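The structure under discussion appears below in the form of structure tokens.
Note that these values count all heavy atoms, side chains included, but never hydrogens, waters or copies made by symmetry. Here the structure is a predicted model, which is why all the values come from computation and not from measurement. Residue numbers begin at 1 in each chain, while the letters A, B, ... track the order of the sequences.
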Amino acid sequence: MSDVMKTKNIFSLKRIVKEKSVVTLHPERAKELGIYHRKIMSVSFGSCRQQVSFLTSLQVDISEIHLAENTLSSLRIPDYLLYEVIISNNEITLGPYIGLLLYKKGSHLTPKRLERLLAYTYEYNKINGAIVVFALDGVKTQNQVVEGFCYDPCYNKWNNGLYPYPTAIYRKIGLTEEWKSHFLSVLGNRIFNNYYFNKWDTYQWLKEFHQLKIFLPDTNIYHNPESVIEMLKIFNKLYVKPVAGMRGNNIYKIHQEKDTVRISSFQNNSAIVQSFNNDGKLREYLSSVLQNGKYLVQQGLDLIEYNGSIIDFRIIMQKDRSFNWRCSGIIGRYGLPNSIVSNISKGGSAFKIQEFLKNHLGMSPGEIFIFKERVILFCKEACHVLDELGLLCGTLGLDIGIDKKGHLWLIEINNRDPDPTIALDVQNKLLYYKIKANCLHFAKGLAGFK
Amino acid sequence: MYYKLIPSPQENIITINRDLARKKGLKENDEITLKAGLRESKALICISSAINKSSIIMGQYLLEDLCLPTSIFYQLRSFNTHLELGPTIGLLLMKEMKNIDQKALEHFLKYVILYPHFHGLIYVFAQDSINISENTALGYYFNPRNKSSQPIWQRALLPLPSSIYRRTPLPYSLLKDLIFKTNNKLFNSDYFDKLYFWKFFSETKLKSCLPETKELLSLEDLDLMLHNHKVVYLKPANGSLGKGLLSVSRETELYYLRKKNNSAFQDMNKSELTQFIKNLLKSRTYLVQEAIEVLRMDRRLTSFRVIMQKDDTPGWNCTCIIACIGCPDGISSHFQTSGFTFSMEDFLINHLKYDEKLVYQKKEEVIDLCLQACMYLDDSGENYGDLGIDLVIDNKLKPWLVEINKRHDHRMPLSIKDEQSYLSVKSNPIKYALKLTGFS
């Protein structure tokens, strides 16, 4: 173990009882870190810092870093963990210290949930440092501490405690402007995904990039029934979706066939189809169910189908520790017969694309391979554009459709809370664990530990 | 942007569209060096607004000097000192041109499945078709043709390429020449043997993951190893598919030898074995290696083939891991006769009934180990991009590195019906070769 620790710059912590505000290392390690001659340094863990005297001593084991009792307590640093070290600006940073901001209320961090959250820690031996799960109401802005649960690899459980603010945060809840500014002030730009953008943002931003424009279905904001009627003059099939919506709720499919306009929607767990032969009735209906500015009217796509429902593909894109975008997986979905959505929560099914595309759509292995490459190439391009827009994203779920002519279409970019359980829907537990672990790998990179 | 080359009788003049000239900073009558692969030629620039943006008119002399076929599209890169047409990628797959027959070419189509993403000149050639002093080679270049015709390989005299993916042994001097001329863009550059593998990794932190190994020079070496290990293997340093593999154990004064595949034990005494070893060593170098107590399935030995490859992204990736199960009571996990294969997850979860979390962590551990091995190889100064690592997991679940194959069998994923991984295995080296050329 110590051989590995030595090469991988990993340290265990030891307490110095007799002195105050001091940090000691074995001279070889100090040399490796380039701090052999230092006398005064600062040491940090998350948002806590302290100025210390720095010493080297042959009495200190090569795999240890010794800190004074008072330093350990003012840093609020768990002493049972292994830490990696970064030297920057005369500061010894112990880490990585990653925060998982998963809930608004601490009461949601029940023992059962915490048990499930262990799924994030399966690659701990490659992450090291501290992983703290916390809720927003556990954040004490006055002292800049969080009340949360720190992962303990020795006992494979979470330890409740008060810790500094983490160095990097993976957040899965919405934050007010105030909270965002507060975290930004303390952590800098180290929270991901840092800005939740909706379908309208996606369309408006991405259409400015010519290499992406052709993959975006024509989209407009719904203001009034004219928004729909005007668009029906160009496209005989439209989708009306909430600007900010998830799980396939409140989606309407509008189909014009000669003089009849048919509207399908999903209400109370059943599909409803309504037909309109005159504009007046159509206007009345639309006004009753849709609100100005809250819906998008989008070009309907002739996507390939199975089982009477459209098929789409969820592409999981995640950044690695070196900030390169990688495709973690591609999973297909189709809905219930005649369903207008493919979401699992609306009765849809997920499938592994290899067998499915071969058995049900008659695609050859070569065609499937080329399809996957095209999709991944496009998704990487889209992700790079998001980077260029100034967003800090680390894990995304892109929904892609393919129409009957073979064109790719970007349906949506899930950036608020891309759900890894889709991997479980195709019985791929290893992929599920990998998706979760990748979030931590990226957080580690964001924390400065590449 | 892809360009079509249109031949003209105007010797060494290259005519381009006005917009292209502006973009590349070229002016009428500029004299430039034009490169394609390892060949280069001087050309004179001529600008015309009559030709379209995606065409370049090239003098016949230039086309012949650079040996460029005009039936395919090219990318164009400009530098301070020259212009380059490409990418030019060579697949050095055979020793002799005459063995590149219709059947082989049909098979090689799998390599170029992603051709439309980069175009340019990608060709298959052989050791004996290379003219090293002229920087040319006879080869079969890929021509996708159009939607109505089938893609084909066309035979032509071509420039030696900027990057070479090779899957055939080469004479030392030719290998060195090619590495030098391409500026180390030939991979895999060194076909080291098992002895080198062991020596190389013994100097690294991965030593603890290597089975104990010694070069077999006399009976003493064997005795020393048998002192520490119940069973050892005798392996030729240069061998594949378990050919020449022997297992040896000892009981008091007798040695028990066994060849692969269920053959009976042969016993020998000290003097018989001494003679046996002398004979073995007459023609080949042999290693003695500790036999690891590997995971078994129904009395069959198991091992794992980890395919590690580079592509157009930085670093190495694990393309797939295949569990190989040997014949019952055999001495190896070679599955070709009466053995079988599974994906690693399938094998460990469904057949050996390990828990998913454990399998996940073990898989990550194995990938990490192989990644470290690959990175050490990168540090050696050679160029590797496509490796098949043989690894075993012992009954305490510790992984051990056994061998690194430089010309591993690409068909392995097909044995577990994983066609997508097979196509990835074929495409990744091409992506890496493309990256090496500097084109995108």
Indicate yes or no for a side-chain donor-acceptor contact from B/Gln361 to the backbone of A/Tyr122 under 3.5 Å, with no hydrogens or angles considered.
yes
With chain A as the partner chain, list the residues of residues 431-440 of chain B whose heavy atoms fall under 4.5 Å from it, by residue number, and write 'none' if nothing qualifies.
B/Lys431
Is it true that, when you exclude B/Lys24 itself, more than 12 heavy atoms of the residues, nucleotides or ligands shown sit nearer than 6.0 Å to its NZ?
yes
Distance check, rounded to the nearest 0.5 Å: B/Met344 atom CE versus A/Leu430 atom CG?
9.0 Å
Do B/Tyr360 and A/Lys434 touch side chain to side chain, with heavy atoms closer than 4.5 Å?
yes
Can you tell me if NZ on B/Lys23 sees more than 12 non-hydrogen neighbours from other groups inside 6.0 Å?
no
With only heavy atoms counted, which part of B/Leu114 is less than 4.5 Å from chain A, the side chain, the backbone, both or neither?
side chain
Hey, could you give me the CD/CG distance between B/Glu364 and A/Asn125, rounded to the nearest 0.5 Å?
9.5 Å
Can you tell me if B/Lys362 has over 12 outside heavy atoms packed within less than 6.0 Å of its NZ?
yes
Part of B/Lys363 lying under 4.5 Å from any heavy atom of chain A:
side chain
A/Gln211 CD: over 12 foreign heavy atoms closer than 6.0 Å:
yes
Please indicate whether B/Lys207 has more than 12 foreign heavy atoms, meaning atoms of other residues, nucleotides or ligands, lying under 6.0 Å from its NZ.
no
Could you tell me which residues satisfy salt bridge (charged side-chain N to carboxylate O under 4.0 Å, His left out) with B/Arg22, sequence neighbours excluded, listed by chain and number?
B/Asp19
So for atom NZ, which belongs to A/Lys404, do other residues, nucleotides or ligands contribute more than 12 heavy atoms lying within a distance under 6.0 Å?
yes
Checking heavy atoms, do the side chain of A/Leu377, its backbone, both or neither come under 4.5 Å from chain B?
side chain
Cut-off 4.5 Å, heavy atoms of chain A, and the answer for B/Pro116 is neither
Which residues in residues 413-430 of chain B have any heavy atom closer than 4.5 Å to a heavy atom of chain A?
B/Asp418, B/Glu419, B/Gln420, B/Leu423, B/Ser424, B/Ser427
Could you tell me which residues in residues 322-330 of chain A have at least one non-hydrogen atom under 4.5 Å from a non-hydrogen atom of chain B, sorted by residue number?
A/Asn324, A/Arg326
Step through the shown structure and confirm whether more than 12 heavy atoms of other residues, nucleotides or ligands are within 6.0 Å of NZ on B/Lys53.
no
Please say whether more than 12 non-hydrogen atoms of neighbouring residues, nucleotides or ligands are located less than 6.0 Å from NZ in B/Lys199.
no
